[in-house]
Enquirer: 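Below is the structure I would like to discuss, written out as structure tokens.
Each chain gets a letter, A, B and so on, in the order its sequence line appears, and its residues count up from 1. Any value given below was found using the heavy atoms of this structure, including those in side chains, with hydrogens, waters and symmetry copies removed.
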Amino acid sequence: MPANHASPACRQGWRRNRRACTMLHMAEGYDFAAIESKWQARWERDGIYRALDDSDKPKYYAMEMLPYPSGDLHVGHAKNYTLGDAVARMQRMLGYHVLHPMGWDAFGLPAENAAIARGVDPAAWTAENILNMRRQIKLMGTSYDWSREIATCEPEYYRWNQWLFLRLYGHGLAYKREAPVNWCPFDQTVLANEQVIDGRCWRCESLVERRLLSQWFLRITAYADRLLDDLAKLTGWPERTRTMQRNWIGRSEGVQFSFAIESLDDAIDVFTTRIDTLFGATFLAVAPEHPVVQSLLRIVPRDRAAEIASFTENLKSKSELERTSLMEKEGVFTGAYAINPLSHERIPIWLTNYVLAEYGGGAVMGVPAHDERDFDFARKHGLPIVQVVVPREGARPEPLERAFVEDGRLVASDDFSEMPSERAREAIAQRLAATGAGRKSVNYKLRDWLISRQRYWGTPIPIVYCTACGEVPVPDDQLPVLLPLRSRLAEFLETACPKCGGPARRESDTMDTFFESSWYYLRYLDPHNDGAPWAPERARRWMNVDQYIGGAEHTVLHLLYSRFFYKFFHDRGWVSGADEPFQHLFHQGLVLRDSEKMSKSRGNVVGIDETAERSGIDAMRLFLLYVTPPEETSNWTDDGITGRVRLLNRMWRACEPYFEGNRSEPQRAESNAADKALIRAVHVVAKSALDETISRRFHYNTTIAKLDELVNAMTAAASARPGSPALRYAVEKLPILVAPFAPHIAEEIWERLGHATSVHLERYVEPDEAALTTEEITLVVQVNGKVRARISAPAGVTEKQALELALDDSNVRVHLGGKEIRKHVYVQDKLLNLVAA
RNA sequence: GGGGAAGUGGCGGAAUGGCAGACGCAGCCGCCUCAAAAGCGGCCGAGGCAACUCAUGUGGGUUCGACUCCCACCUUCCCCA
């Protein structure tokens with residue numbers, strides 16, 4: 001009997017939630033609410049997902065990006081965690097000892113802003129959110145090892161942030177300098193370059209301003225080449241992610257050389273990838289922030305000086321985006337001239353808005369004929385355009401409509417004329433090197449990572465400023481530098497110098513939260529270690545992360561920073577093996593509703609709690625895996641999940657007659673074609689699940705479609721051939737097959753079939769090739785590429801037999817119409833194409 | 001402007017050179033029921049009485065055979081400038 005009104009579980013459910021109970025009776029299946037909470041409690045009690053550090057089995061480290069504790073989970077999070085959980089459970093059932101941890105990216109601006117808005121402490125607000133979200137993640141039936149949980153805002157964690165910062169500092173990889181930086185006026189803090197998207201703050205989308213501030217940087221550029229080169233090793237990463245990182249690092253090879261300044265004992269360094277166009281330089285474009293401007297001001301006429309000052313002042317707060325893309329190319333002539341090191345021509349020095357102080361040394365040679373931006377600028381300001389490269393086969397230089405930016409053949413370039421661009425680049429570089437004016441050089445778009453944040457809710461940077469000793473790192477034995485209550489900030493900042501004991505001031509900036517997320521995957525390995533961030537032998541045991549799953553929005557932020565950190569750790573010998581943290585990376589797609597991103601302001605958020613109540617967690621998990629391939633954007637629909645609820649109910653009903661105490665069914669031993677097909681359906685599911693896991697394609701949507709077919713076949717068998725051994729077999733295997741995807745119902749069925757241990761500790765069903773093969777195949781017969789017959793034939797039918805069968809078919813004969821068969825193509829056990837004319 | 005991904009029934013999708021539309025949602029019909037729900041069974045791209053024909057964004061190409069590979073274009077999304 002299916003569950004009915006009288007069942008105690010349901011009476012309880014009715015009291016608890018009228019709506020859930022209504023759904024339950026509509027389904028007339030099983031009491032998902034009771035089963036789901038029962039097993040979640042049982043798994044926690046038994047600790048079956050605990051990862052042991054000394055298991056003999058091969059390890060598998062499965063990890064999803066840790067969430068920011070914003071307060072509530074929605075089904076978008078659920079898609080990420082369901083996929084990761086399915087993978088972790090699959091690997092566990094394939095014989096690996098799985099580490100599957102979870103934690104909280106708990107520092108950061110939203111907590112601080114929310115706390116200010118509510119008048120509470122960020123720590124309290126965050127703790128409350130974590131409490132709720134941990135409950136929700138557990139509610140999703142996930143198989144995390146909670147004994148390894150971390151929260152980055154706890155002193156036990158951020159202490160090691162500080163420790164790692166000091167190691168970076170000790171190796172010259174953390175330093176403070178004054179620089180023009182991205183300032184978000186809304187969040188009142190600076191941002192790293194990677195956190196500025198289209199000139200806007202990545203969090204609040206305010207237009208970013210530029211300010212000159214003294215800030216802490218991490219020297220990620222020291223690792224630029226390795227970060228670039230090792231992308232080639234990351235064959236388990238999506239190609240687009242690797243390409244994006246490659247572009248972000250932006251390595252370019254060229255020449256660094258200098259222009260002497262006329263009547264001044266100074267020079268201006270420039271970098272160019274197109275040294276072959278040197279003879280076409282008609283001006284020198286300098287960023288107004290360039291230090292040389294101060295020298296120039298000494299020799300330029302007074303009226304120019306005023307113009308220069310106002311131009312510079314005007315640009316001061318303009319963002320990079322405005323300067324390079326939005327604004328017209330503006331400039332002001334300084335009145336000074338530079339000397340081309342090879343042609344010895346005088347060219348005017350201009351200050352421009354489109355040259356950035358932070359890139360390529362803050363000055364570029366202006367070659368209007370061969371650079372689009374220089375071309376625009378020269379046109380606007382009436383500067384000469386001199387063509388020095390012509391298309392290889394083309395004839396003479398002509399007035400240009402636009403810049404000719406391709407390689408070609410040099411003209412008007414002294415003794416370099418007639419050389420092709422590639423050769424000219426070599427030759428000119430050599431000449432410059434010989435004269436001491438320049439050398440070959442490599443330039444990167446990647447800049448050092450700015451980690452200072454002028455915000456409260458973050459890891460204090462462990463540096464003290466002493467009036468006598470200057471910048472002093474806090475010694476290890478004084479860590480952690482505890483984040484004070486906000487009301488105690490003033491006293492916190494006043495301290496004694498660790499070196500001389502004199503009066504000193506603490507650094508007031510906190511760290512970018514990407515600092516802590518760059519190494520958290522190592523803390524999971526050893527979360528309670530209070531002598532080191534992690535023990536190297538733990539890293540040896542568990543690293544690298546075998547499968548990392550998370551959103552694509554972190555392609556150049558978190559994922560690049562983590563690679564940098566990991567290489568640093570590797571160089572210290574703190575981790576062993578490959579010097580990349582994440583061997584395989586998968587980006588899951590978004591979950592939309594009504595084709596829009598879910599957000600509180602739109603009021604279209606589908607929450608975990610309401611979904612669990614309405615349809616059950618197993619149904620939600622199945623739906624999220626089934627609705628789209630995981631990398632695609634999926635659309636949440638309330639209708640769609642009903643199909644999964646039905647599937648679960650059908651599963652339950654198909655197994656119910658076999659539950660202990662229900663076994664009165666006559667066992668009718670009989671093997672027919674339908675039974676064979678049923679056994680085959682079991683192995684089709686197993687093969688699909690296995691293939692999708694091993695290939696890391698994770699298209700479990702197709703696996704679940706095959707599960708539908710299996711359950712349909714079981715339902716049919718239950719009415720047509722109750723008690724058949726094939727059905728009995730399918731019932732035994734079904735809970736194992738669905739365990740990674742719908743873990744609760746799998747466990748409940750498993751238990752009711754009489755098993756005392758968890759289904760999640762079983763081995764997955766091994767696909768049986770013999771069961772998968774069919775004795776009879778359908779041979780598709782085509783005439784000139786069009787299907788004219790489908791003929792049943794024994795598997796393994798020979799080409800000759802197939803041809804005979806086809807020619808025997810009346811419809812095939814009609815379409816041949818007596819024409820001569822010129823050739824035929826046979827695909828074993830599948831298809832025969834007859835080509836006739 | 002450059003680069004990348006995608007485009008298949010009313011909808012989500014399946015098929016990676018070999019039967020287009022698996023599986024599901026929605027819809028329609030039937031059984032069960034006093035009735036409804038649930039469940040079970042069936043139908044479900046278009047045209048045609050049918051044999052068949054057309055059909056995977058558009059137009060070409062390669063191939064015995066193309067949703068799949070190549071070229072051009074259109075549209076959408078993403079990244080970079």
Enquirer: Is the glycosidic torsion of B/G9 within 90° of 0, making it syn, or is it anti?
Expert: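 Here B/G9 takes the syn form, which means its glycosidic angle is within 90° of 0.
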Enquirer: I'd like the C1' distance from B/A6 over to B/C67, given in whole Å.
Expert: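 Approximately 13 Å lies between the C1' atom of B/C67 and that of B/A6.
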Enquirer: Looking for any heavy atom pair under 4.0 Å, which part of the strands does A/Asn784 touch: base, sugar-phosphate only, or nothing?
Expert: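 The residue A/Asn784 makes no contact with any strand.
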Enquirer: Whole Å only: how far is the CH2 atom of A/Trp636 from the P atom of B/G12?
Expert: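 Computing the A/Trp636:CH2 to B/G12:P distance gives 17 Å.
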Enquirer: Nearest-Å distance, CE (A/Met651) to C1' (B/G39)?
Expert: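 Those two atoms, CE and C1', are 17 Å apart.
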Enquirer: Got a sec: does the NZ of A/Lys380 have more than 12 other heavy atoms crowding it under 6.0 Å?
Expert: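 Correct, the count exceeds 12.
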Enquirer: Starting at atom CG of A/Asn701, determine the distance to atom C1' of B/G12, rounded to an integer number of angstrom.
Expert: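 Going from CG in A/Asn701 over to C1' in B/G12 covers 10 Å.
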Enquirer: With rounding to the closest Å, how many angstrom separate the C1' atoms on B/G4 and B/G9?
Expert: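 B/G4 and B/G9 have their C1' atoms separated by 29 Å.
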Enquirer: Just how far is it from atom CG of A/Asp809 to atom CG of A/Leu807, taken to the nearest 0.5 Å?
Expert: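 With rounding to 0.5 Å, CG (A/Asp809) is 9.5 Å from CG (A/Leu807).
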Enquirer: Once you apply a heavy-atom cut-off of 4.0 Å, does A/Val627 come out as touching a base, just sugar-phosphate, or nothing?
Expert: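 The residue A/Val627 makes sugar-phosphate contact but no base contact.
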Enquirer: Choose from B/C52, B/C40, B/C23 the nucleotide whose nearest atom is closest to any side-chain atom of A/Tyr626.
Expert: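 Of the options given, the side chain of A/Tyr626 lies nearest B/C23.
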Enquirer: Nearest-nucleotide wise, let me know which of A/Arg697 and A/Thr243 is further upstream toward the 5' end of RNA chain B.
Expert: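 It is A/Thr243, whose closest nucleotide lies nearer the 5' terminus.
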Enquirer: B/G3 C1' sits how many Å from A/Gln245 CD, rounded?
Expert: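 Rounded to whole Å, this separation is 17 Å.
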Enquirer: Whether A/Lys445 contacts B/C80 is assessed here as follows: a side-chain N or O lying under 4.0 Å from the phosphate OP1 or OP2. Is that the case?
Expert: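 Looking at the OP1 and OP2 atoms of B/C80, neither is under 4.0 Å from any side-chain N or O of A/Lys445.
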Enquirer: B/A51 C1' sits how many Å from A/Arg788 CZ, rounded?
Expert: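 It is 10 Å, rounded to the nearest whole Å.
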Enquirer: Heavy atoms from C-beta onward define the side chain here; which of B/U53, B/C23, B/G39 lies closest to that of A/Asp708?
Expert: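 Minimum distance to the A/Asp708 side chain belongs to B/C23.
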Enquirer: Taking the minimum atom-to-atom distance to the side chain of A/Arg653, which one of B/C79, B/G24, B/G39 wins?
Expert: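 The answer is B/G39, which lies nearest to the side chain.
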Enquirer: Between the base of B/C64 and the side chain of A/Asn833, is there any donor-acceptor pair under 3.5 Å?
Expert: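 Result: at least one qualifying N/O pair found.
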Enquirer: Assess, by modelled atom type and distance only, whether the side chains of A/Thr221 and A/Asp448 contain a donor and an acceptor separated by less than 3.5 Å.
Expert: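 Note: A/Thr221 and A/Asp448 side chains meet the donor-acceptor criterion.
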Enquirer: Could you give the distance from CD1 (A/Ile617) to CG (A/Leu622), rounded to the nearest 0.5 Å?
Expert: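 Rounded to the nearest 0.5 Å, the CD1-CG separation comes to 11.0 Å.
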Enquirer: For B/U58 versus B/U8, give the span between their P atoms, rounded off to a whole number of Å.
Expert: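 My reading of the P atoms in B/U58 and B/U8 gives 10 Å.
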Enquirer: Would you say B/C40 has OP1 or OP2 under 4.0 Å from some side-chain N or O of A/Arg650?
Expert: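 For B/C40, OP1/OP2 do have a side-chain N/O of A/Arg650 under 4.0 Å.
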Enquirer: Is it the case that the side chain of A/Thr774 and the backbone of A/Ile777 share a donor-acceptor pair, with hydrogens and angles ignored and the cut-off at 3.5 Å?
Expert: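 Not confirmed, A/Thr774 side chain does not pair with A/Ile777 backbone.
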Enquirer: Starting the side chain at C-beta, find the nucleotide from B/C52, B/A26, B/G41 nearest to A/Thr642.
Expert: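 Selected nucleotide (nearest to the side chain): B/A26.
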Enquirer: Expressed in whole Å, how much space separates the P atoms belonging to B/C23 and B/G41?
Expert: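 It comes out at 13 Å once rounded to the nearest Å.
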Enquirer: RNA chain B: A/His815 or A/Thr715, which has the more 5' nearest nucleotide?
Expert: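 Taking each residue's closest nucleotide, the earlier one in sequence belongs to A/Thr715.
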Enquirer: Return the nearest nucleotide to the side chain of A/Asn811; candidates are B/C52, B/C64, B/G13.
Expert: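 It is B/C52.
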Enquirer: Using the C1' atoms only, state how far B/A46 lies from B/G21, rounded to an integer number of Å.
Expert: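 My reading of the C1' atoms in B/G21 and B/A46 gives 14 Å.
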Enquirer: Using the C1' atoms only, state how far B/A55 lies from B/G47, rounded to an integer number of Å.
Expert: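 It works out to 11 Å between them.
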Enquirer: Rounding to an integer number of Å, can you tell me how far A/Lys706 NZ sits from B/A14 P?
Expert: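 After rounding, the gap between these two atoms is 11 Å.
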Enquirer: Grab the CZ-P distance between A/Arg646 and B/G41 for me, whole Å please.
Expert: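 Atom-to-atom, A/Arg646 to B/G41, this comes out as 13 Å.
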Enquirer: What I want to check is whether the side chains of A/Thr693 and A/Tyr700 have a donor and an acceptor closer together than 3.5 Å.
Expert: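 Yes, A/Tyr700 and A/Thr693 have a side-chain donor paired with an acceptor closer than 3.5 Å.
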Enquirer: Can you figure out which of B/C19, B/G24, B/G18 approaches the side chain of A/Val827 most closely?
Expert: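 Looking only at heavy atoms from C-beta outward on A/Val827, the closest nucleotide is B/G18.
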Enquirer: Using atom P in both nucleotides, what's the gap between B/U56 and B/C19 to the nearest angstrom?
Expert: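 These two P atoms come out 15 Å apart once rounded.
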Enquirer: Tell me what A/Val825 touches on the nucleic acid: a base, only sugar-phosphate, or nothing, going by heavy atoms under 4.0 Å.
Expert: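 Here A/Val825 touches the bases of the nucleic acid.
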Enquirer: Please list every stem that involves RNA chain B, where a stem is a run of 3 or more consecutive Watson-Crick or G-U wobble pairs with both pairing distances under 3.5 Å.
Expert: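 In RNA chain B, stems of three or more pairs: B:1-7 with B:74-80, B:10-12 with B:23-25, B:27-31 with B:39-43, B:45-47 with B:52-54, B:57-61 with B:69-73.
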Enquirer: Within a 6.0 Å radius of atom CD on A/Glu775, are there more than 12 heavy atoms belonging to other residues, nucleotides or ligands?
Expert: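 Open: at most 12 neighbouring heavy atoms sit under 6.0 Å from CD of A/Glu775.
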Enquirer: Can you tell which of B/C19, B/G13, B/G39 lies closest to the side chain of A/Thr628?
Expert: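 Closest nucleotide to the A/Thr628 side chain: B/G13.
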Enquirer: Do A/Val685 and A/Lys733 have side-chain heavy atoms sitting under 4.5 Å apart?
Expert: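 A/Val685 vs A/Lys733: side chains apart.
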Enquirer: Tell me whether the side-chain N/O atoms of A/Asn247 come closer than 4.0 Å to OP1 or OP2 in B/G4.
Expert: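 Indeed not, no polar side-chain atom of A/Asn247 lies that close.
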Enquirer: Whole Å only: how far is the NE2 atom of A/His699 from the P atom of B/A14?
Expert: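 Taking atom P of B/A14 as the reference, NE2 of A/His699 is at 7 Å.
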Enquirer: Between B/C49 and B/C32, how many Å separate the two C1' atoms, rounded to a whole number?
Expert: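 So the two C1' atoms sit 35 Å from each other.
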Enquirer: So does A/Arg242 get a side-chain nitrogen or oxygen closer than 4.0 Å to the phosphate oxygens (OP1/OP2) of B/C79?
Expert: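 Answer no for this pair, as no side-chain N or O of A/Arg242 is under 4.0 Å from OP1 or OP2.
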Enquirer: To the nearest 0.5 Å, what is the distance between CG on A/Leu559 and CD on A/Gln245?
Expert: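 A/Leu559 atom CG to A/Gln245 atom CD measures 6.0 Å (nearest 0.5 Å).
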Enquirer: Could you go through the ring pair (Phe, Tyr, Trp, His ring centres under 6.0 Å) check for A/Tyr548 and A/Trp237 one step at a time?
Expert: CA-CA 10 Å; A/Tyr548 196 19; A/Trp237 282 37; 8.6 Å; no
Enquirer: Pick base, sugar-phosphate or nothing for A/Glu239, based on heavy-atom distances below 4.0 Å to the nucleic acid.
Expert: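 Contact class for A/Glu239: none.
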Enquirer: Measure from the side chain of A/Val787, starting at C-beta and using heavy atoms only, and say which of B/A14, B/A20, B/C52 lies closest.
Expert: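 The answer is B/A20.
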